[in-house]
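Position 1 is the first residue of the sequence; numbering continues from there. Note that the coordinates shown come from a computational prediction; the quantities given were computed from them, not determined experimentally.
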Amino acid sequence: MIRSAPIPDTLTLHVPFRIVKRGGRKEMLVPAGQTVPRQASATVIKALARAFRWKQLLDTGGFSTVSELAQKEGISTTYLARILRLTLVAPDIVESVLEGRYETEFLKAALQADFPSDWEAQRAMSSAFGSAR
């Protein structure tokens with residue numbers, strides 16, 4: 001294959017963005033009107049993974065009580081019980097959260113005792129939080 005023009009030695013690409021610090025972490029800000037595909041934070045993924053793993057351990061008889069599992073994991077029973085509430089979130093909402101379409105405030109609401117276990121009620125509530133991405 002013969003090229004008609006030589007390839008330049010240097011290519012300059014201009015990408016407009018700023019780096020800002022928020023809550024001790026760095027975040028990239030893009031100009032207004034631009035969108036950046038986002039992913040769920042590692043903290044959210046870890047919490048969901050823990051919740052479903054713990055639920056499986058309880059369901060399969062690996063542990064008979066939440067207290068026993070919490071002791072084995074070296075965490076408080078209340079923390080484990082709170083994280084287990086994430087397994088009650090509708091599967092489509094969990095998927096949306098993992099795709100980064102909802103802010104973490106929605107999962108914080110799911111950790112509260114008054115969070116509805118009915119999936120339709122959760123979907124109605126999720127619309128109040130809106131699609132974050």
Sequence-distant partners of S64, side-chain hydrogen bond (donor to acceptor under 3.5 Å, both in side chains), two or more places apart: E68
Partners passing side chain to side chain contact (heavy atoms under 4.5 Å, CB included) against [X] (at least two apart in sequence or in another chain):
X: A90; value: D92, I93, W119, Q122, R123
X: R25; value: E27
X: L57; value: R53, W54, F63, L69
X: K21; value: K26

Are M125 and L88 co-members of a hydrophobic cluster defined by side-chain heavy atoms under 4.5 Å apart?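 No; M125 is not reachable from L88 via cluster members.
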When clusters are formed by joining ILVMFWY residues with side-chain heavy atoms under 4.5 Å apart, either directly or through shared neighbours, do V97 and F115 land in the same one? yes
Of the non-hydrogen atoms in R85 and A110, which two are nearest, and what is the gap between them? CB-O, 3.7 Å
Write down the atom of A81, the atom of V66, and the distance for their closest heavy-atom approach.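 Closest heavy-atom pair between A81 and V66: N-CG1, 4.5 Å.
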Are side-chain N/O atoms of S67 and T65 paired as donor and acceptor at under 3.5 Å?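 No, no side-chain donor-acceptor pair sits under 3.5 Å.
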Nearest 0.5 Å, what's the [atom1]-[atom2] distance between [X] and [Y]?
X: I75; Y: R50; atom1: CD1; atom2: CZ; result: 6.5 Å
X: L58; Y: L80; atom1: CG; atom2: CG; result: 7.0 Å
X: I83; Y: F52; atom1: CD1; atom2: CZ; result: 12.0 Å
X: L111; Y: L86; atom1: CG; atom2: CG; result: 4.5 Å

Going by the salt bridge (charged side-chain N to carboxylate O under 4.0 Å, His left out) test, which pairs reach into residues 54-67, not counting sequence neighbours? K55-D59
